[in-house]
Chemist: 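Shown below is the structure under consideration.
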Amino acid sequence: MHLTNESIIVILVVGLIAGWLAGKIVRGSGFGLIGDIAIGIIGAFIGEWLLPRLGVHLGSGTISLIVNATLGAIFFS
């Protein structure tokens with residue numbers, strides 16, 4: 001698998017947004033820049049694994065990636 005610079009930036013931005021949203025929902029504040037990115041990326045992996053097994057399909061696009069990663073990050077944290 002080859003990741004381009006753009007795809008790495010998208011992964012980091014989606015992770016940051018998802019981690020920040022999960023922090024706001026769970027704690028009322030974020031986890032810090034690095035923490036938000038880490039929680040968001042881990043949440044994206046959890047969301048991609050868990051949601052299809054629950055029968056939840058959000059579609060495609062950046063917004064669905066963020067929602068999926070946020071739900072996974074909430075479950076993780």
Side-chain angles (χ1 to χ4, degrees):
M1 182 167 126
H2 177 68
L3 293 174
T4 64
N5 291 339
E6 292 84 13
S7 62
I8 292 172
I9 290 171
V10 169
I11 290 169
L12 292 175
V13 169
V14 167
L16 175 64
I17 293 169
W20 179 79
L21 284 172
K24 287 290 186 183
I25 293 169
V26 173
R27 295 181 50 193
S29 64
F31 297 102
L33 180 65
I34 303 298
D36 285 344
I37 292 172
I39 293 290
I41 291 173
I42 293 169
F45 284 115
I46 291 172
E48 282 293 320
W49 176 79
L50 181 64
L51 292 179
R53 283 166 177 70
L54 296 174
V56 177
H57 301 284
L58 300 174
S60 61
T62 307
I63 300 298
S64 66
L65 288 174
I66 293 171
V67 171
N68 190 5
T70 302
L71 292 174
I74 290 170
F75 182 76
F76 178 70
S77 53

Chemist: Leu51, Phe75: one ILVMFWY side-chain cluster at the under-4.5 Å cut-off?
Modeler: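 The answer is yes; both residues are in one hydrophobic cluster.
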Chemist: Same hydrophobic cluster for Ile11 and Ile66, using side-chain heavy-atom links shorter than 4.5 Å among ILVMFWY?
Modeler: no
Chemist: With rounding to the nearest 0.5 angstrom, report the CD to CG distance, Glu48 to Leu58.
Modeler: 9.0 Å
Chemist: Can you name the nearest heavy-atom pair linking Gly47 to Pro52, along with the distance?
Modeler: O-CD, 3.7 Å
Chemist: State the CD1-CG distance between Ile8 and Asn5, to the nearest 0.5 angstrom.
Modeler: 6.0 Å
Chemist: How close do Asp36 and Phe31 get, heavy atom to heavy atom, and via which atoms?
Modeler: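 For Asp36 and Phe31, the tightest heavy-atom pair comes out as OD1-N, 2.8 Å.
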Chemist: If you round to the nearest 0.5 Å, how far is CH2 of Trp20 from CD1 of Ile25?
Modeler: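 Output value for this atom pair is 9.5 Å.
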Chemist: Taking Val10 as the starting point, is it possible to reach Val13 by hopping between hydrophobic residues whose side chains are less than 4.5 Å apart?
Modeler: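 Linked, Val13 and Val10 end up in one cluster.
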Chemist: Measuring from Leu71:CG to Ile46:CD1, what's the distance to the nearest 0.5 Å?
Modeler: 11.5 Å
Chemist: What are the two closest non-hydrogen atoms of Leu12 and Ile37, and how far apart are they?
Modeler: CD2-CG2, 3.8 Å
Chemist: Has Phe76 got more than 12 heavy atoms of other residues, nucleotides or ligands less than 6.0 Å from its CZ?
Modeler: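 Result for CZ/Phe76: open.
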Chemist: When rounded to the nearest 0.5 angstrom, what distance separates CG in Leu54 from CH2 in Trp49?
Modeler: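 Leu54 atom CG to Trp49 atom CH2 measures 8.5 Å (nearest 0.5 Å).
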Chemist: Which heavy atom of Ala18 sits nearest a heavy atom of Ala69, and at what distance?
Modeler: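 For Ala18 versus Ala69, the nearest heavy atoms are CB-CB, 3.5 Å.
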Chemist: Test of understanding: clusters of I, L, V, M, F, W, Y form through side-chain heavy atoms closer than 4.5 Å, transitively. Do Ile34 and Ile17 belong to the same one?
Modeler: no
Chemist: Quick one: pull up CD1 in Ile39 and CG in Leu16 and give me the separation to the nearest 0.5 Å.
Modeler: 12.5 Å
Chemist: Any non-hydrogen side-chain atom of Thr4 less than 4.5 Å from a side-chain atom of Ile9?
Modeler: no
